[in-house]
Structure formats: structure tokens, C-alpha cells
Amino acid sequence: MRVLLVGMRWDAPTLHEPGPARPRVERQAITREFGDLTCYEVSARTAIEPVPAAAELPYAWALSPYRGCQTGCRYCAARKGHRYLGLDTGDDFDTKIVVKTDLAARLRRELAAPKWRGEPVALGLNGDCYQGAEEVYRLMPKIIKALADAGNPFTVLTKSPLVLRDLPLLREAAKVTRVSVAVSVGFVDDRLRRGLEPGAVSPQRRLEICAALNEAGVPCGVLMAPILPLITDSPDSLQATVRRAAEAGAVSLVPGVLRLPPGARDLFLAWLARDHPGLVPRYENLYGGGPLTPPDYRSRIAAQVESLAAAYGIGKTSKQWKRRRSPDRQLTLV
């Protein structure tokens with residue numbers, strides 16, 4: 001069924017005739033349109049899903065209310081999932097979003113199941129849970145409440161200021177379980193952001209989100225990913241990002257080198273060929289064995305970031321690095 005929204009108001013549904021050109025997901029979803037954005041409303045088959053070891057993230061379990069993401073990050077490893085829906089991993093991933101409208105109810109059932117052991121859950125790995133669609137569907141308040149009612153620890157991963165909308169709920173949840181937020185800031189060069197993360201707010205704005213959450217009592221760290229080989233992996237670039245995270249009061253810092261699985265690989269390399277053509281052969285060599293760079297390179301970068309984080313006091317109760325704010329660059333709190 002297809003429903004056209006005009007000015008965010010619901011119109012009467014109209015039937016969409018089936019045909020071979022229809023995406024697979026559209027055959028089993030209610031389709032709604034918000035200007036250039038298409039949302040496929042579906043029922044969640046599962047809520048909590050295992051995180052693949054290949055992701056190299058410190059999370060074992062995750063849930064995502066949305067598949068696809070309007071931030072349009074060219075490197076997003078979740079892009080390949082759109083192929084299984086009959087959609088492409090390029091523009092479709094950015095503009096055709098799967099919405100699990102009943103995810104909170106499904107989550108409550110899974111949290112109550114005897115086999116669930118109350119392990120920490122990461123929110124938003126397959127699409128930012130605070131992307132633009134969340135302004136319409138408002139799935140996160142019910143999800144946060146379900147986790148809080150079960151006393152289940154969780155971490156929200158996001159690039160969006162919309163997370164501040166749910167600050168009261170996050171604070172309440174933190175009274176009964178371990179709650180944290182991680183903003184993704186792989187680099188602080190906004191020129192790179194415009195090319196690689198066109199739908200995301202600037203790195204500075206994300207660090208302001210980090211500061212606002214920490215000052216409101218919700219622990220917020222930085223997911224320093226992706227670190228781009230030969231582009232943002234120089235000592236100066238790494239130091240600039242870690243220093244800015246420390247200034248924002250980040251309570252933790254998790255580095256991650258760029259991964260290029262199918263779906264993200266072609267899109268990222270197309271950007272690289274346009275903006276950094278001289279690096280294409282070196283990237284083909286670095287990623288010739290698959291989606292990951294060689295282990296020794298990743299280990300070296302992780303050690304450098306760890307050393308910088310320790311120097312700036314990130315993650316310590318008593319910080320060696322004191323946040324500094326100039327009068328003309330106060331961090332926004334709302």
C-alpha cells in the first residue's frame with residue numbers, strides 16, 4: 001500500500017499495483033512518502049540482533065529501529081543490507097528507509113524472555129536512530145522506556161542533535177541501568193564531512209552534543225570512526241580529533257579504521273577517485289584482501305589513539321587535560 005504525505009499530514013491510502021519492478025520490501029510494507037523520502041513501514045521480526053565480529057566494535061548485541069540512513073555516509077557498512085530488500089546501496093539507502101514501527105513491543109517481549117541475559121545493547125548500527133524519520137515516527141522514546149523498564153544497559157550511537165530531545169528519558173533510564181551515548185566523530189575536518197557525510201551535522205556540532213549530554217549527567221563518549229588511511233591518519237589529524245573530543249568532555253574514545261564491505265566500497269572509491277585520485281592505487285592495495293586494512297596497520301592506529309586519549313585524560317576520573325572554552329566558542333547546550 002502506498003500513502004502520499006503532504007506537509008507531514010496523512011492522506012487517504014491508494015493501492016499500488018504489484019509488478020516485477022517493485023522492490024521486494026515494498027510488497028510486504030506500507031509505503032509512505034515525505035517529499036523525497038520514502039518510508040517502508042514493516043513489523044519487526046526480531047529486535048535484538050548479534051553484532052558481527054567483523055565490525056570490530058565493542059558491542060555484542062544491537063537493535064535498529066531504521067534500516068537505511070538519511071545522513072548518507074559514503075562509507076556506511078550497513079549499505080549492503082539494502083540489497084536484500086530489492087533496493088540499491090546508493091541513493092536508495094539514503095532516501096528509502098525501512099521503519100520497524102512495532103519494534104518497542106517486540107523488544108519488550110525479547111527482554112522478558114528467559115533466555116535473554118540482560119547484556120548491553122547498542123542502538124543504531126544499521127541506520128542512525130535519530131535520523132530525520134525519527135522526527136515523524138518517534139520510535140526511540142518507547143524503545144528507551146522498554147530498556148529502562150527491563151533495567152537493561154544500552155548505548156545510543158548517533159550523529160544527530162535530535163538525541164537531545166530524549167535527554168529527560170535518558171536521564172531517567174540512567175537511574176535504573178547503565179546508559180551511555182556515543183557520537184560518531186571520525187575526523188574534525190568539515191570539508192571531508194561535506195563530501196563523505198552530506199546529511200550529517202558538522203563534527204563541531206556533534207562534539208557540542210557530547211558536551212551537552214555529559215553536562216546533563218548522561219555519559220557520552222566519541223566513536224572515532226572512520227579513520228581514513230592516508231587522509232585522516234596522520235599524527236596531527238589524530239591528535240586534533242582526540243583533543244577536540246577531550247575538550248567536549250568525552251568520557252570514552254573508541255577508534256575505528258575505515259571498513260569497505262560490499263555496498264560501501266564502490267561508493268567510497270567513487271568519492272576517492274573524484275577528490276583524491278592519487279590515492280586510488282594505494283587504497284586498492286590496502287583493501288585488496290577484503291573490507292579491512294592489514295591487522296598491523298589497525299593495531300598501530302589503535303595504539304596511537306589510545307596513547308593520545310591517555311595524554312588528554314579521556315576516560316579518567318581526574319583528567320590531565322582540562323576543557324578550555326573561549327568566550328567566542330561556547331559549546332551549545334540545547
Side-chain angles (χ1 to χ4, degrees), residues 57-59 64 66 69-78 94 122-135 140 154-167 170-171 179-228 231-233 237-258 305 308-309 312 314-315 321 323-326 328-334:
L57 291 171
Y59 314 109
S64 297
Y66 305 100
C69 191
Q70 293 165 267
T71 56
C73 299
R74 302 296 183 240
Y75 50 75
C76 183
D94 306 341
L123 280 60
L125 286 184
N126 286 329
D128 197 317
C129 46
Y130 283 104
Q131 61 182 284
E134 171 63 13
E135 296 189 59
M140 283 299 293
F154 64 93
T155 298
V156 176
L157 310 176
T158 187
K159 290 183 174 79
S160 173
L162 187 59
V163 66
L164 297 178
R165 180 201 67 189
D166 291 342
L167 181 53
L170 294 169
R171 294 180 67 178
V179 175
S180 63
V181 177
V183 293
S184 175
V185 185
F187 43 81
V188 292
D189 185 339
D190 198 48
R191 291 173 299 177
L192 282 175
R193 190 275 309 169
R194 288 193 292 269
L196 285 173
E197 305 167 339
V201 297
S202 69
Q204 170 62 21
R205 182 68 183 101
R206 283 175 249 168
L207 292 169
E208 290 171 358
I209 296 165
C210 180
L213 288 164
N214 281 314
E215 293 186 7
V218 176
C220 184
V222 167
L223 179 59
M224 189 173 161
I227 296 168
L228 308 174
I231 300 175
T232 65
D233 64 347
S237 180
L238 295 176
Q239 182 179 21
T241 304
V242 174
R243 175 178 59 81
R244 295 275 292 277
E247 290 176 344
V251 299
S252 62
L253 189 96
V254 177
V257 174
L258 175 72
V305 174
L308 287 165
Y312 284 109
I314 294 177
W321 177 259
R323 244 186 302 155
R324 297 179 296 184
R325 297 184 185 176
S326 60
D328 61 344
R329 203 183 108 192
Q330 291 288 329
L331 295 182
T332 304
L333 299 183
V334 294

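We're numbering straight along the sequence, starting at 1.
Considering Leu192, Asp189, Asp190, Val222 in turn, Asp190 is the only one that fulfils the side-chain contact (heavy atoms from CB on, under 4.5 Å) rule with Pro203. The side-chain contact (heavy atoms from CB on, under 4.5 Å) test with Leu223 singles out one residue from Leu57, Val181, Thr155, and that residue is Leu57. Checked options Gln239, Arg243, Arg244; the residue passing with Tyr312 is Gln239 (criterion: side chain to side chain donor-acceptor pair (under 3.5 Å)).
Put simply, the side chain of Leu162 does not reach to within 4.5 Å of the side chain of Asp128, judged on heavy atoms. Using a 4.5 Å cut-off on side-chain heavy atoms (C-beta onward), Tyr130 and Leu164 make no contact. Looking only at side-chain heavy atoms (C-beta outward), Ile231 and Phe187 stay at 4.5 Å or farther from each other. Glu197 is not listed as a side-chain neighbour of Thr71, based on a closest heavy-atom distance of 4.5 Å or more. Proximity of Pro255 to Ile227: side-chain heavy atoms (C-beta onward) are separated by under 4.5 Å at one or more points. Between Leu170 and Val163 there is a side-chain heavy-atom pair separated by less than 4.5 Å. The side-chain heavy atoms of Thr158 and Ile209, taken from C-beta on, include no pair separated by under 4.5 Å.
A distance of 10.5 Å separates CG of Leu213 from OG of Ser180, quoted to the nearest 0.5 Å. Here Leu308 contributes atom CG and Thr241 contributes atom OG1; the two are 9.5 Å apart, rounded to the nearest 0.5 Å. With values rounded to the nearest 0.5 angstrom, Ile314 atom CD1 is found 5.0 Å from Leu253 atom CG.
Scanning both residues, Ser202 and Arg193, for their nearest heavy atoms gives CA-NE, 4.0 Å. In this structure, Cys210 and Ala250 approach most closely via the heavy-atom pair SG-CA, 3.8 Å. The two residues Leu238 and Met224 make their nearest non-hydrogen contact at CD2-CE, 3.7 Å. When all heavy atoms of Pro226 and Tyr75 are compared, the pair lying nearest together is CD-CZ, 3.4 Å. The minimum heavy-atom distance linking Gly72 with Pro198 is given by the pair O-CD, 3.4 Å. Of all heavy-atom pairs between Ala122 and Leu157, the closest is CB-CD1, 4.3 Å.
A side-chain donor-acceptor contact under 3.5 Å links Arg206 to the backbone of Ser184. Without hydrogens or angle criteria, Asn126 side chain to Ala78 main chain gives no donor-acceptor distance under 3.5 Å. Between the side chain of Arg171 and the backbone N or O of Ala216, at least one donor-acceptor pair lies under 3.5 Å. At distances below 3.5 Å, not a single donor-acceptor pair connects side-chain atoms of Arg205 with backbone N or O atoms of Pro161. In this structure a side-chain-to-backbone donor-acceptor pair under 3.5 Å is present from Gln70 to Ala133. Remark: the backbone N or O of Leu125 is paired with a side-chain donor or acceptor of Ser64 at under 3.5 angstrom. With hydrogens and angles disregarded, a donor-acceptor distance shorter than 3.5 Å links the side chain of Glu134 to the backbone of Met140.
Remark: the Ser237 side chain and the Thr232 side chain contain no N/O donor-acceptor pair separated by less than 3.5 Å.
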Test side chain to side chain contact (heavy atoms under 4.5 Å, CB included) on Glu208 and Val183 and set out the steps. CA-CA 10 Å; Glu208 290 171 358; Val183 293; over 6 Å; no

